[in-house]
Each structure stands twice: as structure tokens, then as C-alpha cells.
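As the structure lists them, so they are numbered: ligands from 1, and atoms in each ligand from 1.
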Amino acid sequence: MNTAMLTLIDAAKEKILAQKEWLTSLDAAIGDGDHGINMARGFEAVATKVRTLPPEAELPAILKTVGMTLISTVGGASGPLYGTAFLRAADQASKSAGLPAAALLGNILAGALQGIKDRGKATTGEKTMVDALEPACVAYDRGLTEGKTLPVCLEMACEAARQGVEYTKTIIATKGRASYLGERSLGHQDPGATSLCLLLETLSDFVN
Ligand code: ADP
Ligand code: MG
Ligand code: MG
């Protein structure tokens, strides 16, 4: 497949592998301590799987492969959630073919967010990856409306995602394993919001 996409996917894998222990320790504090392990397993499988795609594979097919690989290799909540995000991103990529890149990426991010919300029956304020991705999508769209370039829109999205991760420290989890802790989840950042932010930052570094 396309070498630029391969470079991006490898960068995402490397980022997750580099932060594997950290993600796992964040999950150990409020969950079952496997988020880094889950994400590393998933992205290692993704990096292998996309290499089997034909050279002419286009964005929707690549995103779909990423999603299906995450669903089939990641045990735990984050597999189906990220997997659905990439499958919905793939749908948006095919519907948005022909749009300028900045608008295309906005639709892809919105599709990913809707996928996570649907799959997880989640909304903002529940201490999940939605608390990073939803503000990121809002910021990205604000950038688009202001006529900013794709890299600038993505920087705005990353900044909003980082603030979203900080926000997760201030709220009680009401979805996922962390919800079993109730008030004891306060003060800890959500691992899924954190990995979401890392992935967005990888994309931003790639285009900047
Ligand atoms: P598990 O909780 O099954 O061990 P992971 O540790 O890999 O799975 O992923 C946990 C992350 O998944 C959480 O930090 C949270 O961001 C996200 N998550 C869990 N449940 C939901 C949900 N219903 N909706 C959205 N995100 C969720
Ligand atoms: Mg876990
Ligand atoms: Mg688990």
C-alpha cells in the first residue's frame, strides 16, 4: 500500500509501544492494568496486516483493515471501540472522496467519534476516550470554519484533546471498568482518552 500511510501507521505503532508501560500504569490505577498491552498488541497486528494490502489500496480500505484488525486482536473494551472508530472513519472516507484533504479529515474524525459514542453508548463527561475526541473534533471544525490549513486544524484538535485528558482527572467515571471505582476514579486521567490523544498527536506530527 501507499508508503506515506505505512509510515503513519508505523509511527502510531511506535508511539503506542513507547508509551505502553505508561498507558498500562494509568489503567492499573482505575481499571485492570492492560490498556497499554491491549493497544500495543492491536497496533503491532495492524502494522503487520496493512502490509498484506495491495499497493493500490485506498484510504477507505486501509482504514477498514485497521478497524477489523483492532476488533479481532485487542481483547477488552478498547478493541471494539477503536475498531468501530476506524470502520466508521472508513465509511466517511469513502463518502467524502473528492473533498479537499482538510474537510475529508474532519469527516473522518467525526465518523470515528460517532463510532465510539455508538459502540460505547457514551457521551462526554463519563471519563472515556470521548472526552478527548469530542473536543478535538469541535476544535478541528472551528479551525476549518476559520479557514485554517489541515496541519493547523490538527494542532488545534491536539490541544483540545490534551485539555480533554486533563478534564478526565476532574470527573468520576460512569462508563467502563473505572466506573466500578466511583469517586475513587477522581484525580486519575483516563487511559483511553490518553491513548486517543497520543494517536492524534502522531497524526499531527506526521502532517506538520
Ligand atoms: P478494558 O477496560 O476492557 O480492560 P482497555 O483497558 O483497553 O479495556 O480500555 C479502557 C478504556 O476504554 C477506558 O480508559 C475508556 O477510555 C474506554 N472505554 C471503556 N468503556 C467505554 C465506553 N462504554 N465508551 C467509551 N469508551 C470506553
Ligand atoms: Mg483495561
Ligand atoms: Mg481488560
Does [X] pair with [Y] as a salt bridge, N-O distance under 4.0 Å?
{"X": "Arg88", "Y": "Asp118", "value": "yes"}
{"X": "Asp10", "Y": "Arg51", "value": "yes"}
{"X": "Lys148", "Y": "Glu155", "value": "no"}
{"X": "Asp190", "Y": "Lys127", "value": "no"}

As an exercise, identify every atom of ligand 1 less than 4.0 angstrom from a heavy atom of [X].
{"X": "Asn38", "answer": "5 (P), 7 (O), 8 (O)"}
{"X": "Asp27", "answer": "6 (O)"}
{"X": "Arg177", "answer": "1 (P), 2 (O), 3 (O), 4 (O)"}
{"X": "Asp32", "answer": "4 (O)"}
{"X": "Ala122", "answer": "24 (N), 25 (C)"}
{"X": "Gly176", "answer": "19 (C), 20 (N)"}
{"X": "Gly120", "answer": "22 (C), 23 (N), 24 (N)"}
{"X": "Ser78", "answer": "5 (P), 7 (O), 8 (O), 9 (O)"}

Does any N/O atom on [X] come nearer than 3.5 Å to any N/O atom on ligand 1?
{"X": "Met129", "answer": "yes"}
{"X": "Gly75", "answer": "no"}
{"X": "Lys175", "answer": "no"}
{"X": "Leu81", "answer": "no"}

On a heavy-atom basis, which atom in Ala139 and which in Met156 lie closest, and how many Å separate them?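 Smallest heavy-atom distance, with atoms named: CB-O, 3.5 Å.
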
Identified side chain to side chain donor-acceptor pair (under 3.5 Å) counterpart of Thr194 within the set Arg162, Gln19, Gln189: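 Single side chain to side chain donor-acceptor pair (under 3.5 Å) partner of Thr194 among Arg162, Gln19, Gln189: Gln189.
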
Hey, could you give me the [atom1]/[atom2] distance between [X] and [Y], rounded to the nearest 0.5 Å?
{"X": "Leu105", "Y": "Ser96", "atom1": "CG", "atom2": "OG", "answer": "10.0 Å"}
{"X": "Thr24", "Y": "His35", "atom1": "OG1", "atom2": "NE2", "answer": "8.0 Å"}
{"X": "Lys15", "Y": "Ser195", "atom1": "NZ", "atom2": "OG", "answer": "12.0 Å"}

Once you restrict to heavy atoms under 4.0 Å, what part of [X] touches ligand 1? Side chain, backbone, both or neither.
{"X": "Val74", "answer": "neither"}
{"X": "Thr128", "answer": "both"}
{"X": "Pro191", "answer": "both"}

Is the number of heavy atoms from other residues, nucleotides or ligands under 6.0 Å of Glu183 CD greater than 12?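 Not buried by this count: 12 neighbours or fewer within 6.0 Å.
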
Could you pull out the atom name of the N/O/S atom in Asp34 that is nearest the Mg ion (ligand 3)?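 When I compare the N, O and S atoms of Asp34, OD2 is nearest to the Mg ion (ligand 3).
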
Among the N, O or S atoms that Asp32 has, which is closest to the Mg ion (ligand 3)?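 Closest to the Mg ion (ligand 3) among those atoms: OD2.
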
Steps toward side chain to side chain contact (heavy atoms under 4.5 Å, CB included) verdict (Thr65, Val46): CA-CA 8 Å; Thr65 301; Val46 163; over 6 Å; no

Metal site the Mg ion (ligand 3): N/O/S of Asp27 inside 2.8 Å: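 Within the cut-off used here (under 2.8 Å), Asp27 places no N, O or S atom near the Mg ion (ligand 3).
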
